[in-house]
Amino acid sequence: MANYTNNQNILKWVDEMVALCKPENVVWITGDDAQMDALKAEAVSTGEMEMLNQEKLPGCYLHRTKKTDVARVEGRTYICTRKEEDAGPINHWMDPQKAYKEVGALFDGVMKGRTMYVIPYSMGPIGSPLAKVGIELTDSIYVVMNMDIMTRMGQKVLDNFGDESNDFVRGLHSKADIDNEKLYICHFPEDNTIWSINSAYGGNVLLGKKCFALRIASYQGKNEGWMAEHMLILGLQNPQGEITYISAAFPSACGKTNLAMLIPPKEYLEKGYKVFCVGDDIAWLRQGEDGRLWAINPENGFFGVAPGTNEKSNPNALASTRKNTIFTNVCHNLDDNTVWWEKLDKNPPVNAIDWTGEKWDGSTATTNGAHPNSRFTAPAINCPCISSEFDSKAGVPISAIVFGGRRAKTAPLVYQSFSWNHGVFVGSIMASETTAAATGAVGVVRRDPMAMRPFCGYHMGDYFQHWINMGAKLGDKAPKIFNVNWFRTDDEGNFIWPGFGDNMRVLEWIVDRCKGTADAVETAIGYELKPEDINLDGSGIDMDTLKGLLTVDKDLWKEEAEGIAEFYTQFGDRLPKELNSELDALKARLG
Ligand code: GTP
Ligand code: SPV
Ligand code: MN
């Protein structure tokens with residue numbers, strides 16, 4: 001066997017996992033073109049992947065997962081800390097010894113007759129002080145191909161890692177039989193280890209993403225003094241050429257990819273405003289030498305929601321998917337061997353295969369052609385508005401942190417927190433309607449603090465405390481904190497705010513608040529924009545509608561305060577006292 005690394009920590013662990021899973025072959029992924037091409041050809045030959053029209057979609061493939069394996073499965077996602085209380089009340093916990101034993105029994109011999117792929121990958125630019133290394137062992141070529149897009153991977157990662165370090169995340173994945181009853185996604189934050197078995201879908205199996213870059217990394221960040229967050233990162237350039245960086249946390253399928261790639265309305269473009277995308281899903285944030293908060297996007301691609309993506313809503317995302325992209329669970333147009341999904345355009349294919357693999361005719365169909373959580377895996381470099389700082393080892397300095405979710409009522413279009421700690425409170429009380437990104441009911445409002453409910457690798461009370469501590473460390477250099485809601489609805493259930501590119505109007509106010517050039521009114525819940533301070537030209541929204549979007553219904557908020565108090569009780573004495581004070585202050589302001 002060729003010598004890929006002399007690092008004994010890696011070699012020993014791979015040997016152990018080989019002994020457990022008993023694969024027929026072990027293939028180290030170097031990432032070179034010949035190797036990747038051969039793997040793609042193999043996946044096509046077995047039917048795991050379908051090659052799409054290489055003229056219209058060069059380098060693009062289609063994959064369909066099992067019908068029962070189409071989203072993250074939160075109920076089977078475990079945090080395995082030695083002490084149950086360290087996983088906290090929101091996570092599912094499993095005793096690590098029990099997990100290693102019982103899930104280990106499922107891994108025993110699971111790769112017989114299969115190949116184990118060894119994928120060394122870096123989350124963050126290789127060599128960046130903010131980057132971290134993981135190794136994923138998997139029996140899925142789909143995973144290899146996705147990791148190739150989503151991370152920096154291959155031999156170069158091992159070369160940079162060196163022979164001595166033991167600081168890598170050990171990820172083991174097998175699709176096994178894709179048996180829902182035996183599905184486990186176990187995280188061992190105290191051992192830098194992830195074990196995932198019986199799924200072959202996205203967030204369950206691309207272990208660098210939610211498992212490492214959020215669950216394990218959030219735990220590492222708490223111990224090492226930095227933060228791993230479910231946040232997009234964008235740079236907003238004004239006509240003077242100054243760029244302000246904003247990070248924003250919205251729950252799954254609540255608009256991060258769309259905001260990160262926003263194209264400003266015509267009126268703004270003409271003046272010279274531009275938005276650059278640094279990341280669309282995950283941010284790692286650390287205090288820089290200048291005292292400010294700096295962020296990198298640890299990923300190298302986008303695993304984005306396909307439905308709803310179109311030439312109008314998000315042309316940058318659409319352009320990103322026109323080459324070297326993997327489509328998962330979208331609709332297959334057989335006429336020209338391309339892909340389609342709901343709201344891509346008004347011409348659904350008539351001769352097509354839907355996401356379940358059945359014949360589908362868009363002119364008569366009553367079912368979806370694409371699964372609501374169908375996704376594209378696209379290289380970040382494909383994105384027309386990718387930031388020049390995308391590969392920066394230092395990252396970008398963050399001026400504003402934005403929280404948001406899907407709230408039909410209650411939350412106004414935008415408000416700013418009174419202080420960092422009040423901002424932590426605002427993040428901690430986030431609530432949003434559930435989406436198809438996870439299995440289970442859709443449209444149910446649930447608390448999703450900082451959009452991290454499914455992704456925090458430790459006790460949520462300690463996580464809030466870590467936020468408070470970060471603010472103390474950042475002092476007056478801390479980013480300003482805001483909350484937005486693009487999803488208020490009218491009595492017929494229609495979204496009132498146009499959203500998408502028009503969200504630029506709100507971002508402008510946020511940037512101006514950071515610079516101290518915009519005014520605000522103090523309300524019970526925070527600083528709100530003065531309606532006349534937002535530019536509505538060309539938005540189709542009139543002043544009265546805007547005022548409606550900004551209203552703070554005190555009765556609803558009093559109910560909300562009760563809900564927050566109840567939500568907080570589960571954290572017991574691990575809830576920072578600062579957050580209780582903020583709740584009391586909110587109640588007092590509501591009267
Ligand atoms: P994850 O990848 O699951 O973390 O999701 P995300 O937060 O990146 O969500 P994404 O941007 O993919 O948006 C999900 C859905 O919300 C899509 O169907 C979008 O069309 C829709 N959406 C995004 N932004 C807006 C908006 O401003 N207004 C409205 N009404 N819908 C939006
Ligand atoms: C999310 O659900 O927040 C995603 C998709 O970004 S997945 O990678 O499946 O978690
Ligand atoms: Mn996400």
Side-chain angles (χ1 to χ4, degrees), residues 65 69-74 77 143 146-147 150 185 196 199-215 229-234 248-263 277 279-283 297 299 301-310 312-314 316-318 320-321 328-329 341-344 370-378 402-408 413-414 432-440 442 448 451-455 484-489 493-507:
T65 63
D69 188 34
V70 293
R72 285 182 295 99
V73 184
E74 296 179 0
T77 300
V143 169
N146 273 273
M147 290 294 280
M150 294 306 295
I185 305 144
S196 166
S199 172
Y201 182 79
N204 300 329
V205 302
L206 308 179
L207 300 187
K209 195 172 176 59
K210 300 301 159 96
C211 299
F212 176 177
L214 288 178
R215 298 194 191 96
E229 300 294 337
H230 193 198
M231 287 178 177
L232 68 92
I233 309 165
L234 66 79
F250 309 154
S252 302
C254 289
K256 289 182 300 300
T257 304
N258 279 273
L259 191 68
M261 300 180 190
L262 175 152
I263 296 185
C277 172
D280 81 324
D281 197 49
I282 300 177
N297 168 14
E299 301 191 281
F302 311 117
F303 186 62
V305 177
T309 308
N310 60 51
K312 194 158 171 285
S313 66
N314 194 346
N316 284 319
L318 195 61
S320 305
T321 67
T328 303
N329 295 338
W341 48 77
E342 274 59 35
K343 295 201 192 146
L344 171 64
H371 187 274
N373 191 40
S374 56
R375 301 249 168 188
F376 53 80
T377 317
V402 182
F403 295 120
R406 288 179 188 263
R407 289 306 290 274
L413 181 62
V414 59
S432 191
E433 292 158 23
T434 50
T435 65
T439 56
V442 168
D448 189 348
M452 283 290 277
R453 181 188 183 107
F455 307 119
V484 299
N485 179 20
W486 315 139
F487 298 96
R488 267 220 198 175
T489 52
N494 304 307
F495 297 123
I496 304 169
W497 178 248
F500 302 100
D502 285 295
N503 294 332
M504 173 71 198
R505 303 172 194 281
V506 173
L507 293 184

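As the structure is a prediction and not an experimental result, all values here were calculated from the model. Counting starts at 1 for both ligands and their atoms, following the listed order. The first residue in the sequence is number 1, and the count goes up from there.
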### Message
Can you report which non-hydrogen protein atom sits closest to atom 29 (C) of ligand 1, along with the distance?
### Response
Phe487 CE2, 3.5 Å

### Donor-acceptor side-chain pairing of Thr309 and Asn314 below 3.5 angstrom
no

### Minimum-distance protein heavy atom relative to atom 5 (O) of ligand 1
Ala253 N, 2.7 Å

### Reference residue Ile282; test side chain to side chain contact (heavy atoms under 4.5 Å, CB included); the match among Met231, Glu229, Lys209
Lys209

#### Entry: Sub-3.5 Å N/O-N/O distance, Gly255 and ligand 1
yes

### Query
Under 4.0 Å from ligand 1, counting heavy atoms only, is it the side chain of Asp281, its backbone, both or neither?
side chain

### Message
Checking side-chain polar atoms at under 3.5 Å, does Tyr201 have a donor or acceptor matched by the opposite partner on Asn329?
### Response
no

### Query
With a 4.0 Å heavy-atom cut-off (strictly under), which part of Phe250 contacts ligand 2: side chain, backbone, both or neither?
neither

## Note on the structure
So for His230 against ligand 1, with non-hydrogen atoms under 4.0 Å, the contacting part is side chain

### Query
If you measure every N/O of Phe455 against every N/O of ligand 2, is any gap under 3.5 Å?
no

### Exercise: do Thr257 and Asp280 side chains pair donor with acceptor under 3.5 Å
yes

### Query
Can you list the steps and then say if Asp69 with Ser199 is a side-chain hydrogen bond (donor to acceptor under 3.5 Å, both in side chains)?
CA-CA 6 Å; Asp69 188 34; Ser199 172; 2.7 Å; yes

## Note on the structure
When rounded to the nearest 0.5 Å, the distance separating CE of Met147 from CD of Glu299 is 9.5 Å

### Query
What part of Trp497, side chain from CB on, backbone N/CA/C/O, both or neither, has a heavy atom under 4.0 Å from ligand 1?
neither

### Task
Do me a favour and list the nearest non-hydrogen protein atom to atom 17 (C) of ligand 1 with residue, atom name and distance?
Pro307 O, 4.0 Å

### Query
So which N/O/S atom does Asp281 have closest to the Mn ion (ligand 3)?
OD1

### Query
the Mn ion (ligand 3) as vertex, arms to NE2 of His230 and NZ of Lys210: angle to 10°?
90°

### Query
For atom 15 (C) of ligand 1, which protein heavy atom lies nearest, and how many Å away is it?
Arg406 NH2, 3.6 Å

### Query
For ligand 1, which part of Pro251 has a heavy atom less than 4.0 Å away: the side chain, the backbone, both, or neither?
backbone

### Query
So which protein heavy atom does atom 19 (C) of ligand 1 come closest to, and at what separation?
Asn258 ND2, 3.7 Å

### Query
Heavy atom under 4.0 Å from ligand 1: found in Cys254's side chain, backbone, both, or neither?
backbone

### Query
Do Thr377 and Asn146 have side-chain atoms, one donor and one acceptor, less than 3.5 Å apart?
yes

### Query
If we ignore angles and hydrogens, is there a donor and acceptor under 3.5 Å between the side chains of Arg72 and Ser252?
yes

### Parallel, tilted or perpendicular: ring planes of Phe495 versus Phe487, cut at 30 and 60 degrees
perpendicular

### Query
Which ligand 2 atoms, with their elements, are less than 4.0 angstrom from a heavy-atom of His230?
3 (O)

## Note on the structure
Per-atom filter on ligand 2: closer than 4.0 angstrom to a heavy atom of Asp281 are 6 (O)

### Query
Has Lys210 got its NZ or CZ under 6.0 Å from the middle of the six-membered ring of Phe455, at an angle within 45 degrees of the ring axis?
yes

### Message
Measuring from non-hydrogen atoms of Lys256 to any atom of ligand 2, is the shortest distance under 4.0 Å?
### Response
no

### Query
Just checking, is any N or O donor in the side chain of Trp341 or Asn310 under 3.5 Å from an acceptor N or O on the other one?
no

### Message
Within the 4.0 Å heavy-atom shell around Phe495, which atoms of ligand 1 are there?
### Response
30 (N)

### Message
If I apply the N/O under 3.5 Å rule, does Phe500 come out as touching ligand 1?
### Response
yes

### Task
Output the list of atoms in ligand 2 that are nearer than 4.0 Å to some heavy atom of Lys209, sorted by atom number.
6 (O), 8 (O)

## Note on the structure
Here the atoms of ligand 1 under 4.0 Å from any heavy atom belonging to Arg375 are 1 (P), 2 (O), 3 (O)

### Message
Within the 4.0 Å heavy-atom shell around Val305, which atoms of ligand 1 are there?
### Response
12 (O)

### Message
What protein heavy atom lies closest to atom 4 (O) of ligand 1? Include the residue and the distance to one decimal.
### Response
Lys256 NZ, 2.7 Å

### Task
Answer side chain, backbone, both or neither: which part of Asn503 comes under 4.0 Å from ligand 1, heavy atoms only.
side chain

### Query
Could you state the interatomic distance from CZ (Phe302) to CG (Asn297), rounded to the nearest 0.5 Å?
7.5 Å

### Query
So, is Gly304 polar-close to ligand 1, with some N/O to N/O distance under 3.5 Å?
no

### Query
Going through the checks in order, is the side chain to side chain contact (heavy atoms under 4.5 Å, CB included) test met by Leu259 and Leu507?
CA-CA 10 Å; Leu259 191 68; Leu507 293 184; 4.2 Å; yes

### Message
I'd like to check whether Lys210 has a polar contact with ligand 1, where a contact means an N/O of the residue lying under 3.5 Å from an N/O of the ligand.
### Response
no

